[in-house]
Amino acid sequence: MVLSLGHIINNRTQLTKITSSSIVNTGALLGREELKIRIYFIVLVLMLVLLIAGCSTSDKIDSKELEKFEVKKKTDETVQDDFLFRLVSKKDQYKKGEKIILYGEIVYKGDKEEVNINHASSAIFFNIREDTRGYEIGYAVKDIGLTTTLYRLGSPYQKQYTKNIVNTPGNETKDYKGFMEDFLNNDGFPPGYYKVKGHTDFSLSSEGELEQKKYNMEAAIDFKVVE
């Protein structure tokens, strides 16, 4: 069979169109597949970032950030009438897991040999704030009536701080809960910069007086806990 020159040229033109169309479609397909791979990769990276952020512990704070906070005083005291209230931290810096030595004491320095003070389960309260995170650590005291005898310049009424917290409204985030679990379940405090306010709440009943005089004193100290 003899093909005309025009027929050959026409067939060749159609073949060229088919080949070009196939190349374009293949390129588009490869482009879509490459785009999908890139999208999957980006999503995978984001998921890994979120997973790492979620698994990070609440006690991990930047040591350089902690260096910006300066400890001002580890002992503070205030006086009301014949009573002195003192708040003390044994050290201005502790290590993670180290026992925190923190206490408050009330000293009677009046003229009488002894006096009786009335108070709840404790005459001293501790309010603590971890300043780098902005977390408040409350202190629970049972509302029961007790009486303690204080002797003039003798042994003071002293209360050592123990981990005895009360939930703070508004602090219900996952990070806060993780911090409190670390705080309660491990020795010492998590790394951070801590401000402590100590308060007294007691009364003195004098002979011949119907009303009891209230004593509310406050002292403030601070300390750090590092890795």
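These values consider heavy atoms only, across backbone and side chains, with no hydrogens, waters or symmetry-generated copies.
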Seminar exercise, completed: Rounding to 0.5 Å, atoms CG (N118) and CG (D201) come to a distance of 11.0 Å
Problem set entry | Check: F202 ring centre within less than 6.0 Å of F83 ring centre | yes
Exercise. Less than 6.0 Å separating the ring centroids of Y139 and F126?
Worked result: yes
Problem set entry | T132 side chain to E130 side chain, donor-acceptor N/O pair below 3.5 angstrom | yes
Exercise. Could you give the distance from NZ (K197) to CG (D222), rounded to the nearest 0.5 Å?
Worked result: 12.0 Å
Exercise. Quick one: NZ on K159 to CD1 on I106, what's the gap to the nearest 0.5 Å?
Worked result: 11.5 Å
Exercise. Would a hydrophobic clustering, with Ile, Leu, Val, Met, Phe, Trp and Tyr connected at side-chain separations under 4.5 Å, put I128 with L184?
Worked result: yes
Problem set entry | D131 vs K195, salt bridge (charged side-chain N to carboxylate O under 4.0 Å, His left out): CA-CA, chis, key distance, verdict | CA-CA 7 Å; D131 222 39; K195 290 182 177 180; 3.7 Å; yes
For this session: Verify the neighbour count for atom NZ of K109: are there more than 12 heavy atoms of other residues, nucleotides or ligands below 6.0 Å?
Result: yes
Exercise. Can F189 and K163 be said to form a side-chain contact (heavy atoms from CB on, under 4.5 Å), step by step?
Worked result: CA-CA 10 Å; F189 287 13; K163 294 179 180 181; 4.0 Å; yes
Problem set entry | Heavy-atom check, side chain of I137 versus side chain of F179, under 4.5 Å | yes
Problem set entry | ILVMFWY network linking L87 to I101, side-chain heavy atoms under 4.5 angstrom | yes
For this session: Please determine if K213 and D81 form a salt bridge, counting it only when a charged side-chain N lies under 4.0 Å from a carboxylate O.
Result: yes
For this session: Evaluate whether atom NZ of K95 has more than 12 neighbouring non-hydrogen atoms of other residues, nucleotides or ligands under 6.0 angstrom away.
Result: no
